[in-house]
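A short worksheet on the structure shown next.
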Amino acid sequence: MPHRLGSVRSAALACCLIGLCWGGESRDALLAEFDRRIKGPDPASRREAVAWAEAKGIADTYPVLAPVVMQDADRGVRLFAAKVFARATGRLGERGFGYITKAIGSMRGDVDLYLDALDHLVAHHGRGSLKDDLTNYLADYLAALPYPEVPPGGSATVTVPGLGRKGRDVVTETTIDAAEAKRWRERYARVLAHLNAVGGLAIKPSAKAPEEVKRWRQDNGGKALMAAQERALAKARGQQGISSPDQAAVLFAGCLGGAGTEWLAGGGFQADGSVVVAGTALGPVLEIAGMPATALGADLRAAVAPEPVHRLANGKPALDGEGKAIVERFTWEHPQGTAFVARLSADRRTLLALVRFPWGSGAVTSAAVARDGGIYIAGPARDGIAAVSADAKDLPAWQPYAPTHPAIKALTAKRDPASRAYVARLTPDGRRVQWIRTVQGPFSAPKVRVGDDGRVVFLSADVRVLAADGSQVSQRTPPIALSGDGDARADGTAVRCGESHWPTGHEPYRDPWIQVYPADGGRPLKLYHADGPFVGGATGLVSDSAFRSVRFDRQGDLLLTGWSDGGNSVLYREPLDILAVSPAMKGIPGMSAAGTRGASSFAWIVRISTTTWRVTGGSMLNARLASGPPNGMALDAIEEAADGSLLLTGSSAWGCPQTTNAISTGDPAGPAIFVVNRDVTGIRFGSAMPACGRSLVGDADSGDGRVWGMASARVGGRTLAMFTCGAAPSERLYGRECTPPLRDALQRTHGGSLLDGHLVILDLGAAP
Amino acid sequence: MTPSRLVPVLLGACLLSADEAHPSTRLAPGATWHWFGLVYLAGQIHFRDASGEKWPTYFYAGKQSDAQGSFTFDPAKPRLSFALTFPHLVQAGSDQRLKILGELLPEPERPPTVRFTIAAIGGFLPSAPPEFADVASPGPHEFVRIDGTLQVGARNVRVDAPARITYQIRPAANGLVAGALLGDSVKLRCRFSVSGADLGLVADAKRRIDVSIESNAFSEAAILAKTRKASLAEVRAGK
């Protein structure tokens with residue numbers, strides 16, 4: 001009966017005797033009397049009080065003796081109380097063992113006292129109890145070791161698998177201090193020797209443990225990535241950054257733009273290595289590297305210089321910390337938005353073509369390049385856009401998924417159902433529009449994807465699959481444009497992600513959700529989105545959480561970025577069973593992330609199989625302050641590179657993880673781009689991107705607040721990746737004026753307008 | 001013998017006759033906890049495919065749920081009655097075909113009635129039954145066998161299974177001593193297995209389904225403090 005009072009007959013008899021012989025003195029009265037006695041001013045009287053408690057049969061009660069063991073000012077009284085407590089709790093079985101170990105655990109700072117108390121523990125609870133205590137001690141020791149990747153003063157989380165009670169992992173977080181580590185090692189050696197002697201054990205010093213821990217980190221998904229982040233601490237201090245064997249190389253970084261205002265929204269690579277970028281120009285002119293753009297179709301209106309839009313607060317311009325007016329980002333919905341496409345040579349030294357649509361006829365929110373070199377762009381359509389091609393057609397109009405659904409009503413109230421989105425195909429040389437198709441309906445920022453089979457997926461108000469000749473193959477109407485981010489496969493399967501609000505009984509809760517709409521039009525599958533009361537009551541994982549972006553990868557599985565306000569989030573659980581921790585997320589701090597001293601924004605990467613619906617990879621990706629603790633960070637968008645790596649964009653308040661070849665010109669703060677390996681175990685590239693990400697190519701209102709475009713392809717046996725955005729001439733970050741990153745660029749400076757396009761090209765290595 | 005002397009004598013006698021001691025020496029026989037649907041998660045029931053091939057199905061009872069019953073501590077003859085309906089299906093708007101009870105949920109917005117009732121319990125068990133071998137919580141607790149009924153839709157399954165009753169231990173707060181057993185609440189947890197056929201499954205008729213039920217009951221003082229009512233009768237009347 002380990003869960004009960006063990007030999008209770010004697011206790012019961014004692015109870016009778018108390019009643020008979022003690023004149024009706026109740027247990028509460030005994031406790032009160034003990035409270036009075038233990039407050040004696042001298043150690044001798046307190047020692048007598050402990051003996052008195054044992055004589056009265058109340059020494060096995062945790063609140064009676066544990067405070068004495070843990071807190072008495074006199075070491076002798078503490079040890080005597082531990083001896084009595086061990087004797088009394090020895091009769092309580094497992095529960096008593098819990099009492100005594102908890103009480104004497106506080107003695108570890110005083111090794112002599114601790115070892116003596118352990119002797120009493122062994123005497124009354126048996127030698128078998130020692131393993132648990134030893135392993136806990138070992139965990140403390142490991143936590144204090146000076147890891148090579150974490151310098152003294154840094155913070156390290158150490159997880160030792162299977163070493164804790166009942167085979168659980170031991171997880172310890174500590175601040176590394178060389179002197180403290182030395183003290184722990186000495187204590188550890190003494191305790192180990194003592195426990196081996198007293199317990200008849202033969203446990204050897206665990207000299208290899210750090211290596212084992214390191215290897216375990218490398219083998220265990222999310223945790224390993226976090227270890228890599230810890231190495232980034234050095235970079236955060238202006239020293240060396242993260243370095244990995246598969247680190248990406250920077251081929252190109254720089255602005256593309258002239259005297260007008262423009263930004264890039266996407267692009268791709270052609271088979272010969274030519275680089276295609278597409279974006280939105282506001283005017284009044286468009287030229288890149290001295291080449292003026294060729295207009296495709298007649299202009300219906302003259303271009304005018306765009307005015308900066310100032311953010312307002314109470315009807316007045318809002319000011320930043322330095323008293324400057326805050327300028328809003330230009331968005332894809334700007335009425336002057338004009339699509340343009342540029343092609344660069346494979347060596348990125350020559351601009352091969354630059355074309356634009358008629359001024360104000362429609363912006364670009366997404367672009368893709370097909371295997372045959374065909375260039376696809378998509379965005380909002382306005383008057384005059386049909387003039388860009390002789391093959392211009394309207395596709396069947398959007399049909400509401402559920403016209404009476406409140407969200408649909410809200411959408412149609414916010415966005416004009418009569419508005420139109422377009423998708424167009426340009427010839428591989430980028431000089432002619434082969435066809436353009438428009439769809440009427442209320443839409444978020446349109447997206448275009450092209451598969452290896454040439455089929456085109458066009459997402460606007462709904463999902464269309466088109467052939468390379470522009471004919472519509474299928475039309476599906478999942479509520480893809482409602483809110484949040486979404487994606488679709490060529491087979492018609494669609495996905496959407498976001499967050500909803502749901503009370504939990506603990507606190508208001510932002511509940512992350514994913515909805516997968518099957519190709520057959522059947523009922524959608526919900527992932528996560530467990531009911532608030534169930535999340536709060538059954539798991540306690542009530543950190544506000546949300547999914548920010550979702551993409552299908554080449555295998556049709558899901559890639560997601562997420563956000564949580566704290567570590568106790570359902571995002572490390574299985575999508576269809578939030579009571580189960582995903583093995584792929586093993587090692588994520590979880591609740592222990594609560595002690596992160598102010599960080600309130602945790603970024604997540606999640607990969608989910610659409611076959612098993614299990615998490616197959618993922619991690620947190622967090623910024624770190626120079627002093628060690630995590631800092632706020634967010635990931636806005638994700639794409640899969642051609643080699644399976646993950647391309648990510650986001651931003652941090654300060655301390656984003658950077659690799660040794662980061663291209664930032666300032667602090668590791670603000671917008672940032674990353675490449676993470678396929679298993680989400682290592683960072684291949686990470687860099688802050690000051691002055692970049694200054695225009696919206698996604699839909700901020702719906703949560704798809706993308707500011708970057710990303711693409712990847714295999715070219716000449718190499719895997720290349722690109723990041724595109726809009727860049728301001730400079731940005732002031734933590735007191736320094738920083739310019740957009742520059743590396744082997746076509747133009748050496750910003751074009752001088754409000755925004756230029758900005759392009760980064762990375763070489764991810766030999767194509768697998 | 002004065003009444004004040006009689007109490008500990010009787011308590012000791014009770015303990016002797018039971019040949020057991022309750023985890024809390026402070027807990028008096030007759031202490032009672034009641035089930036009301038007063039909290040956001042009044043109870044939960046898990047159906048888990050023992051083979052792990054299918055995803056689990058969860059139901060829960062929320063606030064103002066249909067919860068009835070009470071548990072009365074007595075070292076010799078504890079008494080427990082319990083009935084709780086679980087009206088809410090977790091991830092209700094989703095396609096349920098990947099889940100163990102998906103066959104019963106073609107329209108997940110209208111799930112079948114799921115209700116668990118306990119009519120009687122036996123005495124405290126001397127040791128942990130194997131169904132709870134993996135439960136490591138060291139808090140004070142008892143094990144009993146229950147005689148109950150699980151209703152899923154039109155099916156009623158008789159349940160003879162072990163249950164664990166865990167007594168709440170409060171952390172130190174408000175001047176209280178850490179570890180003190182206040183008796184504010186007890187958690188009832190039942191575990192048993194049924195076959196798919198028991199629940200009316202056809203395709204998964206032969207699958208073993210592990211069922212787990214959890215619900216908390218509260219002392220009268222806790223209920224009245226939370227509801228600010230004068231009596232349990234007022235609480236029941238919803239005044």
Side-chain angles (χ1 to χ4, degrees), chain A residues 1-6 8-9 11-20 22-28 58 60-63 66-67 94-95 97-99 165-166 168 503-506 515-516 518 522-534 536-538 574 576-580 613, chain B residues 1-16 18-23 25-26 39-44 46 48 55-56 58 60-63 88-99 108 124 126-128 134 136 138-143 172 177-180 214:
Chain A
M1 294 179 288
H3 64 296
R4 298 167 172 279
L5 287 173
V8 295
R9 194 176 289 272
L13 281 168
C15 193
C16 289
L17 289 172
I18 290 168
L20 290 169
W22 227 64
E25 191 167 16
S26 69
R27 186 176 180 82
D28 285 345
I58 58 173
D60 58 358
T61 307
Y62 187 80
E94 184 182 350
R95 186 163 64 98
F97 176 72
Y99 285 179
R165 288 176 65 95
K166 300 183 186 303
R168 294 174 184 149
T504 63
H506 293 276
Q515 294 218 34
V516 182
R523 184 185 293 275
L525 179 67
K526 277 187 182 180
L527 307 177
Y528 301 93
H529 207 222
D531 301 28
F534 188 76
E574 290 289 0
L576 288 172
D577 182 6
I578 64 158
L579 298 188
W613 301 104
Chain B
M1 187 177 289
T2 63
S4 63
R5 298 179 70 186
L6 189 60
V7 171
V9 172
L10 291 177
L11 177 58
C14 288
L15 291 171
L16 281 171
D19 196 25
E20 286 291 335
H22 180 70
T25 52
R26 295 184 181 184
V39 289
Y40 261 85
L41 191 70
Q44 51 187 308
H46 307 166
R48 193 174 286 276
W55 291 101
Y58 301 132
Y60 69 95
K63 207 168 185 178
H88 303 293
L89 171 67
V90 176
Q91 294 180 321
S94 177
D95 180 358
Q96 301 289 319
R97 285 176 295 179
L98 296 170
K99 299 194 174 183
F124 293 136
S127 60
D134 64 328
H141 56 273
E142 308 280 6
F143 293 101
V177 180
E214 281 187 30

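Residue numbering restarts at 1 for every chain, and letters A, B, ... go by the order of the sequence lines.
- Heavy-atom minimum distance, Asp531(A) versus Leu89(B): OD2-O, 3.7 Å.
- For chain A, the nearby part of Lys99(B) is the side chain; its heavy atoms alone come within less than 4.5 Å.
- For the pair Gln44(B)/Val90(B), no side-chain contact is recorded, criterion being any heavy-atom separation below 4.5 Å from C-beta on.
- Of the listed residues (Ile578(A), Ile58(A), Asp577(A)), the greatest number of heavy-atom pairs within a distance under 4.5 Å of chain B belongs to Asp577(A).
- In this structure, the portion of Leu98(B) lying under 4.5 Å from any heavy atom of chain A is its side chain and not its backbone.
- Residue Gln515(A): no heavy atom, backbone or side chain, is found under 4.5 Å from chain B.
- Under the 30°/60° scheme for interplanar angles, the aromatic rings of His46(B) and Phe534(A) are found to stand perpendicular.
- Smallest separation of non-hydrogen atoms from Trp55(B) and Trp613(A): CZ2-O, 3.6 Å.
- Nearest heavy-atom pair, Pro524(A) versus Pro518(A), reported as atom, atom and distance to 0.1 Å: CA-CD, 4.0 Å.
- Using a 4.5 Å cut-off between heavy atoms, Gln91(B) touches chain A through backbone and side chain atoms alike.
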